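For clarity, every value in this text was computed on a predicted model and none was experimentally measured. Heavy-atom basis, side chains included; hydrogens, waters and symmetry copies ignored.
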Amino acid sequence: QFTIDKTAPIITEVEDGKHYQSVAPVFNEGTAILTMDGGPGTEFVSGTDITDNGQYTLEVTDTAGNKTTVKFTVDNQAPVISGVVDGEIRNSQFVPTFNEGTGRISMDNGEFKEFISGSTVSDE
């Protein structure tokens, strides 16, 4: 008696290519290896919280050798803004920068518009 299994394990609570502040992947069968930033893999228990910043690969293999792999990023550090101080009032142009992500700037009329890091702010 034998079983033919062509169904790969199912991984939930995490999606391939997504970014998270923390994540707890769950899989329905098999064993898993978690690799961070291309380093050595370690055994992973389904439902364990992952909170350390890094790029991860989770590979789950069932007893028949079927594999499912997801790659994702954990980033729980806020972007760093330089070139301006919160609440500061200036009478000259300045150049705010940020180290990651996307930016928006608010105008006096309450309207927000896209802001590219390193752009000069000179309008009153």
Side-chain angles (χ1 to χ4, degrees):
Q1 185 176 29
F2 61 92
T3 302
I4 296 176
D5 177 2
K6 295 183 180 180
T7 304
I10 298 170
I11 302 172
T12 59
E13 308 304 319
V14 65
E15 291 182 43
D16 196 54
K18 298 283 183 162
H19 288 70
Y20 301 90
Q21 289 182 343
S22 68
V23 66
V26 174
F27 53 92
N28 66 332
E29 64 175 331
T31 57
I33 300 295
L34 182 67
T35 305
M36 179 177 142
D37 295 327
T42 58
E43 190 172 326
F44 178 78
V45 176
S46 181
T48 302
D49 284 331
I50 301 170
T51 58
D52 290 340
N53 289 320
Q55 294 181 341
Y56 291 88
T57 300
L58 178 62
E59 183 176 84
V60 181
T61 307
D62 69 13
T63 56
N66 299 303
K67 292 181 182 182
T68 301
T69 303
V70 293
K71 294 181 179 192
F72 57 94
T73 301
V74 173
D75 179 0
N76 52 35
Q77 293 178 333
V80 176
I81 300 171
S82 303
V84 65
V85 177
D86 189 29
E88 182 177 31
I89 298 173
R90 291 192 176 203
N91 64 0
S92 62
Q93 68 183 21
F94 59 101
V95 182
T97 60
F98 48 90
N99 67 333
E100 65 175 329
T102 60
R104 296 186 324 148
I105 190 166
S106 173
M107 308 308 287
D108 282 341
N109 64 5
E111 176 185 330
F112 281 89
K113 65 180 185 177
E114 181 182 357
F115 182 80
I116 297 171
S117 180
S119 297
T120 300
V121 176
S122 58
D123 292 343
E124 188 169 337

Please tabulate, for the side chains in residues 28-41, all donor-acceptor contacts under 3.5 angstrom to protein atoms that are two or more places apart in sequence or on a different chain.
{"unit_1": "Asn28", "atom_1": "OD1", "unit_2": "Ile10", "atom_2": "N", "d": "2.7"}
{"unit_1": "Asp37", "atom_1": "OD1", "unit_2": "Gln55", "atom_2": "N", "d": "2.8"}

Distance-only donor-acceptor pairs under 3.5 Å for side chains of residues 57-69, two or more places apart:
{"unit_1": "Asp62", "atom_1": "OD1", "unit_2": "Ala64", "atom_2": "N", "d": "3.0"}
{"unit_1": "Asp62", "atom_1": "OD1", "unit_2": "Gly65", "atom_2": "N", "d": "3.0"}
{"unit_1": "Asp62", "atom_1": "OD1", "unit_2": "Asn66", "atom_2": "N", "d": "2.9"}
{"unit_1": "Asp62", "atom_1": "OD1", "unit_2": "Asn66", "atom_2": "ND2", "d": "3.4"}
{"unit_1": "Asp62", "atom_1": "OD2", "unit_2": "Asn66", "atom_2": "ND2", "d": "3.1"}
{"unit_1": "Asn66", "atom_1": "ND2", "unit_2": "Asp5", "atom_2": "O", "d": "2.9"}
{"unit_1": "Asn66", "atom_1": "ND2", "unit_2": "Asp5", "atom_2": "OD1", "d": "3.4"}
{"unit_1": "Asn66", "atom_1": "ND2", "unit_2": "Thr7", "atom_2": "O", "d": "3.3"}
{"unit_1": "Thr68", "atom_1": "OG1", "unit_2": "Pro9", "atom_2": "O", "d": "2.5"}

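Residue Ile105 qualifies as enclosed at atom CD1: its count of foreign heavy atoms under 6.0 Å is above 12.
With a 4.5 Å cut-off on side-chain heavy atoms, Phe115 and Val121 count as touching. When side chains are defined from C-beta on, Asn76 does not count as touching Ser22, because their heavy atoms never get closer than 4.5 Å. Looking at heavy atoms from C-beta onward, Val23 lies out of side-chain contact with Tyr56 at the 4.5 angstrom threshold.
Contact detail for Glu15 and Phe72: the closest heavy-atom pair is O-CB, 4.1 Å. The shortest heavy-atom contact between Glu100 and Pro79 is O-CB, 3.8 Å. Residues Gly47 and Ala24 share a closest heavy-atom pair of O-CB, 3.6 Å.
Distance CD/Glu43 to OG1/Thr48: 10.0 Å, rounded to 0.5 Å. In this structure, CD1 on Ile116 lies 14.5 Å from CZ on Arg104, to the nearest 0.5 angstrom.
With Pro25 as the fixed residue, the side chain to side chain contact (heavy atoms under 4.5 Å, CB included) test singles out one of Val70, Thr12, Ile50: Ile50.
Within the 3.5 Å criterion, the main-chain N or O of His19 finds no donor-acceptor partner in the side chain of Asp75. With hydrogens and angles disregarded, a donor-acceptor distance shorter than 3.5 Å links the side chain of Ser46 to the backbone of Phe27.
Val95 and Phe98 are members of different hydrophobic clusters when ILVMFWY side chains are connected at heavy-atom separations under 4.5 Å.
Every side-chain hydrogen bond (donor to acceptor under 3.5 Å, both in side chains) that Arg90 has, sequence neighbours left out, goes to Glu88.
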